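Each remark here refers to the structure printed beneath this line.
A note on names: the letters A, B, ... follow the listed sequences, proteins ahead of strands, and every chain is numbered from 1. Small disclaimer: the values here were computed from a predicted structure and weren't measured.
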Amino acid sequence: MHAMEDLIAAALAEHLPLEPEELADLLETPPSPEMGDYGLPCFTLAPRLRRAPRQIAAELQGSVALPAGVRAARAEGPYLNFFLDRSETIRRVLTGITQEGPAPADEGDNADRTVVIEFSSPNISKHLGVHHLPGTVIGMSLCRIFRALGYRAVSLNYLGDWGTSHGRLIAAIERYGVEDPHALTVSELQDLYVRYSTEAEDEPEMQQQARDAFRRLEQGDPGTRQVWEAFREVSLREFERVYDRLGVEFDRYTPESLYVDRKDELMERLRRQGLAQQSEGALIVALDEHDLPPCMVLKSDGATLYATRDIPAAEDRWERYRFEKALYVVGNEQSLYFQQLKAVLAKMGHHWADRIVHVNFGLIKFLDAETGNARVGSTRSGDMLLLEDVLQEAVQRARAKIEDNRNRFEDGADLDELAEKVGIGAVIFRELSTRRTRDVVFDWERMLDFEGDTGPYVQYAHARLCSILRKAGEDASLEVDFSRLSLPEEWTLVRHLEGFAHALHRATADYEPSAVATYLLDLCADFSAYYSAGMREPERRVLCQDGEVRAARLLLVDAIRRVIRSGLELLGVAAPERM
RNA sequence: GCGCCGGUAGCUCAGCGGAUAGAGCAACGGACUUCUAAUCCGUAGGUCGAGGGUUCGAAUCCUUCCCGGCGCGCCA
């Protein structure tokens, strides 16, 4: 992956009974730059060479041929450490970022590798709540990161527009005499749903009416279908407003309803393959050999349920995209179900079933003011926190903070737009800054924090970088004396910049955008310390007296700026130039 | 009972086979005549849930157990 690691590994392979690839895997970064830039631990070699690790390291130090760009190799106990030629490395890294971009798509062969990513997938007729935030931003970010590495990534929104609950809403429309469903808002739809559910609790016939309404929908009754289509239209209007603010885009909406008419064909196939069997009036696929509970594919009243639609939906994705991976960015609570889904698909003979990856994430819980316990909110009780409200609050707080720093901005600057970028950036970054599998207890203070390890911290570093470049009065140029970047902090920064590609690879390998977020926080911490050192000592400023040093630092600053900007973009966070 | 996720500093989290376990917040002490203090520097704070195993080496891998969250056929 890194040219330099490969070169060192190749040189080592001349003297060791190991393949260059194995050696490249063994290479690591020593704990501090004074100890070297790459290190080879010699422990694993000891049994094969029948010599002590320290001895191996010492012998290699004498024999290994130094590849171009490597200044020295030194044995340090059982480690053999390599020291890079600094100004040459700095030249390579900075020109690479400047000319080819922060994330060089060095693997053009990814272009025919397709990754299908399903995410967000809200149910229609309900607001987007905070619990939609993780899946929505994780999916979008993964999509961008895969694309940055040259993959073909397809974003799908598998809208929840089918199921019994929609029957309940249709019944509500009919019962409460709503004239024009198209004129409704999502709030009103949600109210109708709650009202109907509450009333139906001790009215069995209302529950029956809801089931009947859903059956009419499944049978294609035109009037019923019209009402239902209004739900979808009204909902999409609101969803897209929120997606827009979050910078989220889908290549396709593939609502569940697309796949209901495949029910009969699917059942026929399952029967023919001998996979489906009757159980308590319903149709199930037994999964004993996978040590899983059976998967129900048809309800006892003959209606479809999620699996009935998910199976054809998966088949459709395969037919259409021939994916290398199909990611389902869905909450952890569905992990058992995804095991079942994959098992059913495998039993049906789909070799691609194991390309399906459940990219699970933790739940958002709320602290109950009365009990002090964390719990999950529910739509029915109406206590769901709206995603839009969270965004709104974040933007307002950002706006107040900007007002505190009014003197930084010229008259006429669009401070509302800036507040939008910072507030929403803070929310997205917060969500993407920890590993996705953890449950989180929602906390306003934490979500809207602008200091410390936060999105605005990274944005602020970026704004400072831009500010330096603005004040420089000259553009960053590649025609500089790279040896003038001689401070240890500058070397650390350059090596850090080189690690960006690695962070991106980690993010795709683990389906974990937080790898990019933590990378950015690290880089910004190094930069902020570097920047602050210039406060007390003017000769350490980027814009220092010495013209040659200044020019070289300017190029470094520009490269850091590019990497941070690129990283923020991949997370879906704006990178304002002033703040 | 079974499945998935988590248990690392007071709190929130990184680190997930290597050389002294790191950040942020909170606490305490410092730095604004600024290349933007939404920042930086310093101090203090840890039997990495517990036991066993694998390994030259384990927070990291395996295993048993404990604690917490979520799920386990007619919701998705």
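A/Leu18 is listed as a side-chain neighbour of A/Leu45, based on a closest heavy-atom distance under 4.5 Å.
For a distance-only test at 3.5 Å, the side chain of A/Ser300 qualifies as a donor-acceptor partner of the base of B/C74. The base of B/G73 lies close enough to the side chain of A/Ser279 for a donor and an acceptor atom to sit less than 3.5 Å apart.
Ring-centre distance between A/Tyr306 and A/Tyr337: below the 6.0 Å cut-off.
Between A/Ser165 and B/C75, a side-chain N or O to OP1/OP2 separation shorter than 4.0 Å is absent. Side-chain nitrogen and oxygen atoms of A/Thr518 include none within less than 4.0 Å of the OP1 or OP2 phosphate oxygen of B/A14. OP1 or OP2 of B/G6 has at least one side-chain nitrogen or oxygen of A/Arg435 nearer than 4.0 Å. Applying the 4.0 Å criterion to OP1 and OP2 of B/G15, one finds that A/Tyr519 has every side-chain N and O outside that range. Taking 4.0 angstrom as the limit, A/Arg438 places a side-chain polar atom (N or O) nearer than this to OP1 or OP2 of B/G7. A sub-4.0 Å separation between OP1 or OP2 of B/C5 and a side-chain N or O of A/Arg436 is absent.
Taking atom P on both B/U60 and B/G30, the two are 41 Å apart, rounded to the nearest angstrom. As rounded to the nearest Å, B/A19 and B/G53 have P atoms that lie 23 Å from one another.
Following rounding to the nearest Å, A/Glu256 (CD) and B/C75 (P) show an atom-to-atom distance of 13 Å. For the pair A/Leu521 CG and B/G22 P, the interatomic distance rounds to 18 Å; values are reported in whole Å. Protein atom CG of A/Asp449 is 13 Å distant from nucleotide atom C1' of B/C11, rounded to whole Å.
Glycosidic torsion of B/G73 falls within 90° of 0, placing the base in syn.
A/Tyr457 comes within 4.0 angstrom of the backbone, heavy atoms only, and of no base. At a threshold of 4.0 angstrom between heavy atoms, the contacts of A/Gln339 are confined to the sugar-phosphate backbone, with no base atom among them.
In this structure, A/Leu26 and A/Leu298 both approach RNA chain B, and ranking their closest nucleotides by distance from the 5' end singles out A/Leu26. Where A/Asn405 and A/Phe214 each meet RNA chain B at their nearest nucleotide, the meeting point lying more 5' is that of A/Asn405.
Salt-bridge check for A/Asp558 with A/Arg561: passed, with a basic side-chain N closer than 4.0 Å to an acidic carboxylate O.
Interatomic distance, A/Phe409 CZ to A/Asp414 CG, rounded to the nearest 0.5 Å: 11.0 Å.
Relative to the side chain of A/Arg446, the nucleotides B/G73, B/A76, B/C13 differ in distance, and B/C13 lies closest.
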